[in-house]
Amino acid sequence: KRANEGNQAKRPSFKRNKRLRIAYKHGYRCSICRKLLDLSAPPGRSNAMELDHIIELAAGGTNEDHNLRPLCRPCHRARQHRDTIQLRAV
């Protein structure tokens with residue numbers, strides 16, 4: 001068992017219908033770079049859709065549709081990296 005494993009928040013797993021609903025609402029495009037997303041792309045591909053919490057769960061956000069947006073993998077990773085740096089600065 002890793003040292004910080006118990007401290008990490010459990011990653012939510014979203015059902016397909018929720019993912020489709022969010023993608024449709026945003027025109028099947030990344031909310032940051034506007035790249036067309038491939039809903040059937042395997043995880044790890046740059047055009048695979050990942051759901052992002054607008055307000056992070058740790059900051060009081062929810063898993064409701066209005067708090068989720070589709071991002072491509074590169075934009076999601078950049079956002080996570082930026083958020084990590086901001087947290088370290090606090």
Side-chain angles (χ1 to χ4, degrees):
K1 189 173 180 178
R2 291 186 300 229
N4 66 348
E5 189 174 300
N7 297 334
Q8 292 178 337
K10 183 176 173 168
R11 306 284 308 157
S13 176
F14 298 104
K15 295 194 184 231
R16 181 167 171 74
N17 63 347
K18 183 178 210 97
R19 294 174 55 80
L20 290 172
R21 201 168 49 243
I22 302 299
Y24 175 78
K25 177 182 169 188
H26 293 270
Y28 301 97
R29 293 190 175 275
C30 173
S31 292
I32 295 175
C33 72
R34 306 302 298 152
K35 180 190 302 182
L36 188 61
L37 298 170
D38 182 353
L39 301 179
S40 62
R45 297 255 325 257
S46 68
N47 62 337
M49 184 181 85
E50 297 185 2
L51 288 180
D52 176 55
H53 290 89
I54 297 166
I55 301 171
E56 297 298 325
L57 295 174
T62 68
N63 286 326
E64 299 297 318
D65 288 6
H66 65 272
N67 191 44
L68 297 170
R69 64 181 175 172
L71 296 182
C72 65
R73 184 176 177 84
C75 287
H76 197 209
R77 295 297 169 260
R79 180 176 170 356
Q80 289 174 328
H81 179 71
R82 185 191 73 231
D83 290 349
T84 300
I85 289 171
Q86 287 174 347
L87 284 174
R88 288 181 183 161
V90 173

task = List the steps, then state whether side-chain contact (heavy atoms from CB on, under 4.5 Å) holds for Phe14 with Leu68.
result = CA-CA 11 Å; Phe14 298 104; Leu68 297 170; 3.8 Å; yes

inquiry  = For the backbone of Arg69 and the side chain of Asp52, can you confirm whether one donor and one acceptor N or O come within less than 3.5 Å of each other?
reply    = no

Rounded distance (nearest 0.5 Å) linking atom CD1 of Ile54 with atom CD of Glu56 = 10.0 Å

task = Treating Ile, Leu, Val, Met, Phe, Trp and Tyr as nodes and any side-chain heavy-atom pair under 4.5 angstrom as an edge, say whether Tyr24 and Leu36 lie in one connected cluster.
result = yes

ask   = CZ of Arg34 to CG of Leu37: how many Å apart, nearest 0.5 Å?
value = 9.0 Å

key: Verdict with supporting geometry, Cys75 and Lys35, side-chain contact (heavy atoms from CB on, under 4.5 Å)   = CA-CA 10 Å; Cys75 287; Lys35 180 190 302 182; over 6 Å; no

request  = Answer yes or no: is there an ion pair linking Asp38 with Arg45, defined by an N-O contact shorter than 4.0 Å?
outcome  = no

ask   = Which one of Arg79, Arg19, His76 satisfies the side-chain hydrogen bond (donor to acceptor under 3.5 Å, both in side chains) criterion with Glu50?
value = His76

ask   = Counting N and O atoms only, with roles assigned by atom type, does the side chain of Lys18 sit under 3.5 Å from a partner on the main chain of Asn63, one being a donor and the other an acceptor?
value = yes

request  = Before accepting this row, confirm whether a basic side-chain N of the pair Asp65/Arg21 lies closer than 4.0 Å to the acidic partner's carboxylate O.
outcome  = yes

task = Write down the atom of Ala48, the atom of Pro42, and the distance for their closest heavy-atom approach.
result = CB-O, 3.6 Å

key: Heavy-atom closest pair, residues Cys30 and Cys72   = SG-N, 3.4 Å

query = Are Tyr28 and Ile22 co-members of a hydrophobic cluster defined by side-chain heavy atoms under 4.5 Å apart?
reply = yes

Under 3.5 Å donor-acceptor, Ser31 side chain and Pro70 backbone = yes

ask   = For the atom pair CG (Leu71) and CZ (Arg77), what is the distance rounded to the nearest 0.5 Å?
value = 10.0 Å

